[in-house]
Amino acid sequence: MLPMHLIRALLLKHDDPRHLERPGDFDLDTSRDHFALLVSALRERFGSSCSSGLAQDASFYGVIDVPADATGLGRPMRVVMSNFGSHFVTAEAVAGEGGPGGEAGLTEEFVTWLDGVCTAVGCIFVPAELLREPYDGPSVLEAHRDAEFVAVLTAAGVVTEAEEHEEELGRANWHDRYFEYM
């Protein structure tokens with residue numbers, strides 16, 4: 001896996017505030033091919049019960065879901081490919097009703113395997129822990145707009161500062177930039 005500081009540099013390098021959903025030089029054929037190879041590798045490893053879908057109005061291309069009974073982890077797993085960075089890819093174990101569970105449930109062996117698959121197909125694996133870091137790029141994301149709304153609610157006394165920090169409203173992270181709906 002690339003060192004974290006190099007991945008951070010790539011996240012920042014590919015952040016173009018004029019193109020939130022996909023880069024200006026987005027290549028649909030390459031994206032389709034990379035995603036198909038990821039789907040194929042995951043189905044080869046976990047079986048045909050893996051499902052995949054494409055995104056619309058999002059900064060990510062598609063999602064591959066691995067059901068809990070196939071993962072061996074006791075819970076489902078999700079692998080997501082971004083439209084950016086020669087295709088950033090991340091994975092997370094899913095907790096509860098589809099909420100992200102993070103990498104805590106993923107085995108080191110799986111993360112190493114997925115990183116190797118990403119390298120082989122021309123993608124870059126980005127650990128979920130890095131994507132949870134505060135976003136400090138140039139794009140204005142939905143969470144930033146939430147910050148303005150929270151400020152108005154706080155000024156009106158509807159939300160206290162303690163509640164604002166508790167919910168982390170108005171705070172974007174790198175996942176918001178490359179793996180969310182726009």
Side-chain angles (χ1 to χ4, degrees), residues 1-42 44-46 50 52 54-55 58-66 71 73 77-95 99-144 147 168 170-182:
M1 185 179 326
L2 289 173
M4 293 292 242
H5 74 279
L6 291 179
I7 298 173
R8 276 187 201 95
L10 288 170
L11 292 174
L12 191 55
K13 175 185 173 191
H14 290 283
D15 188 4
D16 179 353
R18 293 168 304 176
H19 298 96
L20 294 179
E21 290 183 21
R22 66 185 66 76
D25 61 352
F26 181 77
D27 182 343
L28 180 60
D29 291 334
T30 300
S31 299
R32 185 178 26 240
D33 292 347
H34 286 199
F35 190 69
L37 290 168
L38 284 171
V39 170
S40 177
L42 284 156
E44 185 175 314
R45 179 175 174 129
F46 294 108
C50 295
S52 62
L54 303 180
S59 60
F60 64 97
Y61 183 83
V63 176
I64 306 146
D65 288 309
V66 183
T71 65
L73 301 172
M77 182 171 44
R78 180 170 296 133
V79 176
V80 186
M81 185 181 92
S82 177
N83 288 324
F84 289 85
S86 299
H87 303 101
F88 296 133
V89 173
T90 194
E92 60 192 11
V94 179
E103 284 183 331
L106 303 180
T107 65
E108 185 177 326
E109 181 272 332
F110 172 76
V111 171
T112 301
W113 174 82
L114 183 57
D115 181 53
V117 168
C118 287
T119 300
V121 302
C123 297
I124 299 167
F125 178 72
V126 182
E129 67 188 56
L130 193 151
L131 294 173
R132 285 190 292 274
E133 291 181 1
Y135 173 76
D136 59 356
S139 297
V140 176
L141 304 178
E142 207 54 45
H144 293 120
E168 295 191 22
R171 292 175 182 79
N173 59 33
W174 282 98
H175 187 276
D176 295 328
R177 175 61 186 98
Y178 288 119
F179 296 96
E180 283 296 335
Y181 290 94
M182 292 288 134

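Below, all heavy atoms of this structure are taken into account, side chains as well, without hydrogens, waters or symmetry copies.
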Spatial distance of atom CG (Asp27) from atom CG (Asp33) [nearest 0.5 Å]: 8.5 Å
Start with the C-alpha gap between Glu133 and Leu131, add the side-chain angles, then the distance that decides, and say whether side chain to side chain contact (heavy atoms under 4.5 Å, CB included) holds. CA-CA 5 Å; Glu133 291 181 1; Leu131 294 173; over 6 Å; no
Give the minimum heavy-atom separation between Trp113 and Leu42, together with the two atoms involved. CZ3-CD2, 3.9 Å
Specify the closest pair of heavy atoms between Asn83 and Glu21, including all atoms of both residues, with the distance to one decimal. ND2-O, 2.7 Å
Mind checking the SG-CG spacing from Cys118 to Leu37? Nearest 0.5 Å is all I need. 11.0 Å
Validate the cation-pi geometry between Arg132 and Trp174: distance from NZ or CZ to the six-membered ring centre under 6.0 Å, angle to the ring axis within 45°. no
Taking side chain as C-beta onward, heavy atoms only, is Pro134 less than 4.5 Å from Asn173? no
All heavy atoms of Tyr61 vs all of Arg32, minimum pair found to be OH-CA, 3.4 Å
Phe84/Phe60 under ring pair (Phe, Tyr, Trp, His ring centres under 6.0 Å): CA gap, chis, key distance, verdict: CA-CA 8 Å; Phe84 289 85; Phe60 64 97; over 10 Å; no
Atom pair CG (Leu130) and CE (Met1), whose distance is rounded to the nearest 0.5 Å: 10.0 Å
Grab the two heavy atoms, one from Gly85 and one from Ile124, that are nearest each other, plus how far apart they are. O-CD1, 3.5 Å
If I take atom CG from residue Leu54 and atom CE from residue Met81, how far apart are they, to the nearest 0.5 angstrom? 8.5 Å
With rounding to the nearest 0.5 Å, note down the distance linking CE in Met77 to CD in Glu92. 11.0 Å
Look only at the side chain of Thr90 and the backbone of Val126, and say whether a donor-acceptor pair between them is shorter than 3.5 Å. yes
Hey, is Glu109 close enough to Arg45 for a salt bridge, meaning N to O under 4.0 Å? yes
Residues Leu73, Leu106; criterion side chain to side chain contact (heavy atoms under 4.5 Å, CB included); working and verdict: CA-CA 8 Å; Leu73 301 172; Leu106 303 180; 4.1 Å; yes
Could you report the tightest heavy-atom contact between Phe88 and Leu10, atom names first, then the distance? CZ-O, 3.7 Å
Verify whether one side chain among Ser31 and His87 offers a donor that lies under 3.5 Å from an acceptor in the other. yes
Rounded distance (nearest 0.5 Å) linking atom OG1 of Thr112 with atom CZ of Phe125: 9.0 Å
Would you say CD of Glu44 has more than 12 non-hydrogen atoms from neighbouring residues, nucleotides or ligands within 6.0 angstrom? no
Any side-chain donor-acceptor pair under 3.5 Å between Asp15 and Ser139? yes
Thr119 side chain vs Asp115 backbone, donor-acceptor pair below 3.5 Å: yes
Name of the residue among Leu12, Leu141, Leu11 meeting side-chain contact (heavy atoms from CB on, under 4.5 Å) with Arg177: Leu141
Between the main-chain N or O of Tyr178 and the side-chain N or O of Ser59, is there a donor-acceptor pair closer than 3.5 Å? yes
Answer yes or no: is there a side-chain heavy-atom contact under 4.5 Å between Val66 and Arg78? no
Val63 vs Val79, side chain to side chain contact (heavy atoms under 4.5 Å, CB included): CA-CA, chis, key distance, verdict: CA-CA 6 Å; Val63 176; Val79 176; over 6 Å; no
Without swapping roles, check the side chain of Asp176 against the backbone of Tyr135 for a donor-acceptor pair under 3.5 Å. no
State, to 0.1 Å, how close Pro127 and Met4 come at their nearest heavy-atom pair, and which atoms those are. CG-SD, 3.9 Å
